[in-house]
Protein chains: 2
Amino acid sequence: MQSGEYTVGQLATAARTKAVTIRYYERQGLMRIPTRTPGGYRIYRSDDLDRLLFILRCRHFGFSLENVRELLQLADQTDAPCAEVDAKVARHLDEVRERLAELQSLEAELQRLSRCCAGGGIVKDCRIIESLSRDIGNSKTPACTP
Amino acid sequence: MQSGEYTVGQLATAARTKAVTIRYYERQGLMRIPTRTPGGYRIYRSDDLDRLLFILRCRHFGFSLENVRELLQLADQTDAPCAEVDAKVARHLDEVRERLAELQSLEAELQRLSRCCAGGGIVKDCRIIESLSRDIGNSKTPACTP
DNA sequence: CTTGACCTTATAGCAACTATAAGGTGCATC
DNA sequence: GATGCACCTTATAGTTGCTATAAGGTCAAG
Ligand SMILES: [Zn+2]
Ligand SMILES: [Zn+2]
Ligand SMILES: [Zn+2]
Ligand SMILES: [Zn+2]
């Protein structure tokens, strides 16, 4: 091990991730196949750290591993127009906003459900259980009027 | 097959779900073990439909199957206090709000990333790729656990 | 009695890891 | 040189809530 070289564990520490994750990324074709010591240990260099950090930043932004793979390829073609990159980010942003809207409506529904029951009663009279037991979605009379 | 009885497919249709889902819920201990025809077909009755609809409503509210299992048990003890039910719903609402907050901050970050690049350039100069290649939030590198 | 829609089970796959087992390496210390 | 220990290796299974496939059996209509 020379200076500027890392074992998988050292690379993991440097990137604040775990060795298993790095091996997993290798199997998934995100990390390059590293050289090995005579004993079979993986040896990484600083460009591997760069690549790993790129991957982790993409993950932090919620990109799927497949998207990350594509982003890595795009990032390598430095002279190509970046329109595809920009589009990928924009599309992902759209997806996140969609999930956000869904989660917001879930939160509202769940809050309504939660407020159904005043507490202190028994299951037989619990408006929450009642709401879960009948079709609130199609009911004319809403189960809960908070 | 008498009236008021369902095969798994008919039950699925009645609940607007799929037969495989019902069998899966049975394996997971959510649906009761049904009786069978001499040929081995599952036979369901209207209380099975009620139970299935209860499960599906819980799923609609985002409860995990484990939570649904517990809610089913709680719902069966009609004379017990409903505090546990109420607490389960409240806890789930908290989790949803937590996810919501994470998703909101992700949306903001992603919007900032998206706006980095004006478009029309090449990858080499793309601020998005640059952002993904450098430590933008460099004061802290939060390891996002989604 | 054949057709065809439906049913049965078992098994594998998805995403992105996490956990476990069983063993090998590298380096410091005795 | 032997030992100990932290770290490395691979393979395999588990997580969640389904979905897909294969290979076969049942039921009711025509
Ligand atoms: Zn209650
Ligand atoms: Zn809804
Ligand atoms: Zn962040
Ligand atoms: Zn760009």
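Atom set for the values below is all heavy atoms of this structure, side chains included, hydrogens, waters and symmetry mates excluded. Throughout, a chain's letter reflects where its sequence line sits, starting with A, and its residues are numbered from 1.
Per the geometry, CD1 belonging to B:Ile55 stands 16 Å off C1' belonging to D:dT16, to the nearest Å. Distance B:Ile22 CD1 to D:dT19 P: 12 Å, rounded to the nearest Å. The OH atom of A:Tyr44 sits 10 Å away from the P atom of D:dC8 (whole-angstrom rounding). Atoms CG (B:Leu30) and P (D:dT16) sit 12 Å apart, rounded to a whole Å. Taking atom CE of residue B:Met31 and atom C1' of nucleotide D:dG17, one finds them 16 Å apart after rounding to whole Å. Summarising the geometry, the separation between CZ on A:Arg23 and P on D:dT12 is reported as 16 Å, rounded to the nearest angstrom. The distance between atom OH of A:Tyr41 and atom P of D:dC8, rounded to the nearest whole Å, is 7 Å. What separates CD of A:Gln2 from P of C:dG26 is a distance of 15 Å, to the nearest Å.
Residues A:Thr35 and A:Tyr44 fail the side-chain proximity criterion, which asks for heavy atoms closer than 4.5 Å. Contact annotation: the side chain of B:Val123 never approaches that of A:Asp79 to less than 4.5 Å [non-hydrogen atoms, C-beta and beyond].
Salt bridge B:Glu95/B:Arg99: absent, no basic N to carboxylate O contact under 4.0 Å.
By the salt bridge (Lys or Arg N to Asp or Glu O under 4.0 Å) test, B:Glu66 is found to be paired with no residue, residues two or more places apart in sequence or in another chain being considered. In terms of the ring pair (Phe, Tyr, Trp, His ring centres under 6.0 Å) criterion, A:Tyr25 has no residue partners (sequence neighbours excluded).
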Using a 4.0 Å heavy-atom cut-off to protein, can you give one letter per nucleotide of nucleotides 12-23 of chain C, 5' to 3': B if the base is in contact, S if only the sugar-phosphate is, - if neither? ----BBS-----
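Applying the salt bridge (Lys or Arg N to Asp or Glu O under 4.0 Å) test to pairs two or more places apart or on separate chains, those with a residue in residues 33-48 of chain B are B:Glu5-B:Arg45, B:Glu26-B:Arg42. Sequence neighbours left out, the pairs with a member in residues 81-94 of chain B that pass salt bridge (Lys or Arg N to Asp or Glu O under 4.0 Å) are B:Glu70-B:Lys88.
Side-chain proximity of B:Arg42 to the nucleotides C:dT9, C:dG26, D:dC27 is greatest for C:dT9. The side chain of B:Val8 lies closest to C:dC7, out of D:dT9, C:dC7, D:dC27. Of the candidates D:dC27, D:dT9, C:dT9, the closest approach to any side-chain atom of A:Arg36 belongs to D:dT9.
For the helix from C:dC1-D:dG30 to C:dC30-D:dG1, the terminal axes (five pairs an end, C1' atoms, rotation from four pairs onto the next four) enclose an angle of 30°, given to 10 degrees.
Mapping B:Met1 and A:Thr7 onto DNA chain D by nearest heavy atom places A:Thr7 closer to the 5' end of the strand.
Proximity of the aromatic rings of A:His92 and A:Phe61 is defined here by a centroid distance below 6.0 angstrom, and this criterion is not met.
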Applying salt bridge (charged side-chain N to carboxylate O under 4.0 Å, His left out), run through B:Asp76 and B:Arg32 and close with a yes or a no. CA-CA 13 Å; B:Asp76 272 348; B:Arg32 297 211 174 89; 3.7 Å; yes
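The phosphate of C:dC7 (OP1 or OP2) has no side-chain N or O of B:Thr37 nearer than 4.0 angstrom.
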